[in-house]
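As the structure is a computational prediction, the values presented were derived from the model and not from experiment. In what follows, every chain begins at residue 1, and chains take the letters A, B, ... in the order their sequences are listed.
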Number of protein chains: 2
Amino acid sequence: MGHMAATIKDIARLAGVSPSTVSRVLSNQVEFYSEKTAKKVKKAATKLGYRRNVGAVELVTRKSNVIAVIVSSVQTNFSDQIIQGIQDEAAKKSLSVIIIYAGGSDAELQRRAIETVIERAVRAILLVAIDLNPQNDDLLTTANIPYLFLSMRFSDRPFPFITSDDFQIGYQGTQYLINKGHRQIGLAATDLESLIGQMRVAGYRKAMSENQLPIDPHWIDDGEFTYEDGARAMRSYAKMAVTAAVASSDLAAIGMLNQAADLKIKVPSDFAIVSVDGTNLCSIVRPKLTSVTQSFYQMGATGLQTLLSPRLKQFKSSYTPIQIDERQSS
Amino acid sequence: MGHMAATIKDIARLAGVSPSTVSRVLSNQVEFYSEKTAKKVKKAATKLGYRRNVGAVELVTRKSNVIAVIVSSVQTNFSDQIIQGIQDEAAKKSLSVIIIYAGGSDAELQRRAIETVIERAVRAILLVAIDLNPQNDDLLTTANIPYLFLSMRFSDRPFPFITSDDFQIGYQGTQYLINKGHRQIGLAATDLESLIGQMRVAGYRKAMSENQLPIDPHWIDDGEFTYEDGARAMRSYAKMAVTAAVASSDLAAIGMLNQAADLKIKVPSDFAIVSVDGTNLCSIVRPKLTSVTQSFYQMGATGLQTLLSPRLKQFKSSYTPIQIDERQSS
DNA sequence: CTGTTAGCGCCTTCAC
DNA sequence: GTGAAGGCGCTAACAG
C-alpha cells in the first residue's frame with residue numbers, strides 16, 4: 001500500500017524472469033512465451049498491483065491510442081451526440097478518447113487546448129464546433145497529427161471537415177415552410193459573419209426565389225445561435241408581416257417560442273417555427289419543435305473513421321445527412 | 001515539414017550547445033544559463049517548430065499536470081457547470097484537465113475510463129456523478145492517485161465526496177411547498193435504491209412530520225431522474241389527491257410539466273412543481289420551474305482545490321450550498 | 001522461448 | 001554557466 005507503483009522490473013524480479021519476458025506476456029505477444037512463465041508473471045503482476053505506465057509505452061513505441069476531442073465550451077448541446085459517435089467508434093478499435101474544453105473563440109484558451117493534446121502526441125484530433133482562430137493555424141497544421149473539424153468549416157482555409165450542408169439546411173428548412181403555405185419567412189438568429197450563416201442565407205434565398213417569393217432584408221436576422229437572440233428575433237418579427245421562420249439552433253428556436261408566448265402569438269397557428277439541430281430539446285418544449293435535424297452522431301462516428309483511415313490524405317471534406325422532423329411548431 | 005518532431009537534441013545540435021542546456025533554458029531554470037545561449041536556443045527551437053514531449057517529461061519527473069475528470073455519460077446536464085468550476089480552478093494553477101466519459105453504471109466502461117486515467121498517472125481524479133461499481137473499488141483506491149467524488153456519495157464505502165446535502169434538498173423543497181399551503185405533497189421520480197434518494201426521502205418525511213402532515217406511501221415515487229419518469233409520476237399523481245411535488249431533477253420536472261399539460265392540469269394553480277438542480281433548463285420551459293438549486297460550479301471548483309490541498313488526508317467530505325429559486329411552477 | 005542490449009525524449013545530479 | 005552521464009518505464013531488435 002502506498003509505495004511507488006510497481007514496474008515490470010519488480011515483476012521480473014518476483015517472477016524470476018527478465019523484464020523483456022514480462023513485457024511480452026503483459027502485452028500479449030502470444031508467440032513469444034510459454035504458458036508456464038506467463039502464469040508466473042501474471043501472478044506476480046496482480047500480486048504487486050501492477051499498472052502499465054502508458055506514458056512510457058507511448059514514448060518507446062512512438063504511438064498513442066488516444067483520440068483527443070476538442071470541444072467549444074460554448075453552449076452547444078449537440079456535442080454530446082457527436083462525442084457519443086466518436087466514443088462508440090473508438091471503443092470498437094480500443095482507443096481511448098479524452099475531451100478537452102477550449103474556450104469559445106478566445107485564441108489563448110484555444111491554443112492551450114491544442115497544445116495540451118499535441119504535446120501528448122495523441123493519435124488524432126477531432127475539433128468539434130471550434131472556430132479556429134487563425135493565429136492557431138500553425139500550431140495545428142505543423143503538429144503532424146491528423147486532425148478534422150466537425151460541425152464547422154472555413155471559407156478561407158482548406159481544413160478538412162465533416163459537417164452538415166448548411167446551404168441545404170437553409171434551403172430545406174425554408175422550402176418546408178413554403179410548402180406549408182408561408183410566403184413571408186424569416187431566417188432568425190443566424191450569424192451572418194460566419195460561413196455557416198452565409199450558406200444558410202444562400203439556401204434560404206434560393207428557396208424563396210425558386211418560389212418567386214420576394215425577400216425583405218429585415219427578415220434575415222443576425223445573431224449568434226443563442227436563446228436570447230431567438231427571443232430578440234421574435235420581438236422583431238412581431239412588428240413585421242412575417243408568418244414563419246427558420247431558427248438557427250434549438251435554443252434560439254426556444255427563445256422564439258417563449259417570446260412568442262409572451263407576445264400572445266400562437267405557435268404554430270399565428271407563427272410557425274422550424275428549428276435547426278434537432279436535439280432532444282425539441283421534444284421537451286411545448287409545442288414540440290419541428291426541426292431540420294442534423295446527424296450529429298454520424299458526424300462523430302464517421303469523423304473518427306476517416307481520421308483513422310490509411311488514405312486520409314485523399315479525404316475530401318464531406319457532409320452528413322439532414323432531415324426534416326415535423327413536430328408541432330409548424 | 002512532415003518529418004519527425006524535433007527534440008532537444010536537434011535543438012542542441014543546431015544551437016551548438018548540449019541537450020542539458022537546451023533543457024534548462026526551455027524549462028526556464030533561469031539561474032542556469034546565460035542570456036546569450038538562451039537566445040540561440042530559443043531561436044533554434046522556434047525554427048525547428050519544437051514541441052515538448054510531455055510524456056517524456058512526465059516519465060522522468062514522475063509527476064503530471066493533468067487533472068482527469070470522469071463523467072457519467074448519463075444525461076446529466078449539470079456536469080457542464082461542475083466541469084467549468086474545475087476548469088477555472090485548474091487554469092489558475094496551470095493544470096490541464098481532460099474529460100473522460102464513463103458509461104452509465106456499466107462496470108466495464110467505468111473500469112476502462114478509470115484505467116485510462118490511472119495508467120497515465122494523472123495528478124488527480126474527479127469523478128462526477130459516477131456511481132462506482134464495487135468491483136472497480138480496488139482499481140481506484142490502489143492507484144495511489146488522489147480522487148474525489150462530486151455530486152455522488154456512498155453509504156457503504158468511505159469514499160471522499162463533495163455534493164449537496166440531499167436530506168436538505170428533500171427537506172427544504174418539501175418545506176417550501178408546505179409554506180405555500182400544500183398538504184398532500186409528492187416526491188417524484190426519485191431513485192429509492194440510491195443513497196441520494198433515501199436521504200431526500202428522509203428530508204421529505206421530516207418536513208412533513210414536523211408539520212403534522214400524514215404521508216401516503218404512494219406519494220413517494222420511485223424512478224430514475226429521467227424525463228419519462230417524471231411524466232409517469234405525473235400520470236400517477238393525477239389519480240391521487242396530491243397538489244404538489246418535488247421532482248428529482250430538472251428533466252423529471254419537465255416531464256411532469258408536459259404530462260400535466262397533456263392532462264389539462266394547470267401548473268401551478270392545479271399542481272405545483274419544485275424541481276431539483278436548477279440548471280438553465282428551468283428557465284427555458286413555461287412555466288419556468290421553481291427549483292432547489294445546487295451549487296454545481298462551486299462543487300467543481302472546491303473539488304479541485306481540496307484535491308490539490310497538501311492536507312488532503314484530513315479532508316472530510318463536505319456539502320455545497322443549496323437554495324430555493326422561486327420561478328413560476330409553484 | 002528467453003535474456004541482453006539499446007534507446008524513446010527528457011531532466012537531473014555531478015563534475016568542471 | 002555548461003557538458004557528460006545516468007535513468008524514468010518500457011519495448012524492440014538481436015542473439016542465443
Participant: Using a 4.0 Å cut-off on heavy atoms, which residues in residues 21-32 of chain A reach DNA chain C? List them by number, or say none.
Facilitator: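 Correct list: A/Thr21, A/Arg24, A/Glu31, A/Phe32.
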
Participant: Please state how far atom NZ in B/Lys36 lies from atom C1' in D/dT2, giving the value in whole angstrom units.
Facilitator: 12 Å

Participant: If I take atom CD1 in residue B/Ile8 and atom P in nucleotide D/dT2, what distance separates them, rounded to the nearest angstrom?
Facilitator: 15 Å

Participant: On DNA chain D, nearest-nucleotide positions of B/Val17 versus A/Arg52: which is more 5'?
Facilitator: B/Val17

Participant: What does B/Thr7 touch in the nucleic acid at a heavy-atom separation under 4.0 angstrom: a base, only the sugar-phosphate, or nothing?
Facilitator: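 The answer is sugar-phosphate, as B/Thr7 gets under 4.0 Å only of primed atoms, P, OP1 or OP2.
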
Participant: Figure out the CG/C1' separation between A/Leu59 and D/dT11, and round it to whole Å.
Facilitator: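 Going from A/Leu59 (CG) to D/dT11 (C1'), I get 10 Å.
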
Participant: What is the distance from atom CD1 of B/Ile145 to atom OG of B/Ser64, rounded to the nearest 0.5 Å?
Facilitator: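 Taking CD1 in B/Ile145 and OG in B/Ser64, the distance rounds to 8.5 Å.
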
Participant: Give the rounded distance in Å between these two atoms: CZ of A/Arg62 and C1' of D/dG9.
Facilitator: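 Rounded to whole Å, this separation is 16 Å.
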
Participant: Round to a whole Å and report the spacing from NZ of B/Lys40 to C1' of D/dG1.
Facilitator: 12 Å

Participant: Indicate yes or no: does A/Glu35 engage A/Lys39 in a salt bridge with an N to O separation below 4.0 Å.
Facilitator: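 No, A/Glu35 and A/Lys39 are not salt-bridged.
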
Participant: Using 30° and 60° as the class boundaries, would you call the ring planes of A/Tyr319 and A/Phe161 parallel, tilted or perpendicular?
Facilitator: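 Aromatic pair A/Tyr319/A/Phe161 classed tilted.
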
Participant: If you walk 5' to 3' along DNA chain C, what is the first nucleotide with an atom under 4.0 Å of a heavy atom in chain B, and what is the last?
Facilitator: C/dC8 to C/dT13

Participant: Between the side chains of B/Arg112 and B/Glu115, is the shortest nitrogen-to-carboxylate-oxygen separation below 4.0 Å, so that they form an ion pair?
Facilitator: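 Not counted as a salt bridge, because no side-chain N and carboxylate O are separated by less than 4.0 Å.
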
Participant: Looking at B/Thr37, does any N or O in its side chain come under 4.0 Å of the phosphate oxygens OP1/OP2 on D/dT2?
Facilitator: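 Yes.
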
Participant: So A/Phe149 and A/Phe154, would you call those rings parallel, tilted or perpendicular, with 30° and 60° as cut-offs?
Facilitator: perpendicular

Participant: So which heavy atom on A/Asn136 is nearest to which on A/Leu132, and how close?
Facilitator: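 Minimum heavy-atom contact is CB-CD1, 3.9 Å.
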
Participant: If I take atom NZ in residue A/Lys63 and atom C1' in nucleotide D/dC10, what distance separates them, rounded to the nearest angstrom?
Facilitator: 14 Å

Participant: Take a 6.0 Å sphere around NZ of B/Lys43 and say whether it holds more than 12 heavy atoms from other residues, nucleotides or ligands.
Facilitator: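 Result for NZ/B/Lys43: open.
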
Participant: Mark yes when over 12 heavy atoms from residues, nucleotides or ligands other than A/Arg157 sit less than 6.0 Å from its CZ; otherwise mark no.
Facilitator: yes

Participant: Roughly, in whole Å, what's the span from CG in A/Asn53 to P in D/dC8?
Facilitator: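 Whole-Å distance recorded here is 12 Å.
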
Participant: Take atom CD in B/Glu193; do more than 12 heavy atoms of anything else shown fall under 6.0 Å from it?
Facilitator: no

Participant: Specify the separation, in whole Å, of atom CD of B/Glu119 and atom P of D/dC10.
Facilitator: 10 Å

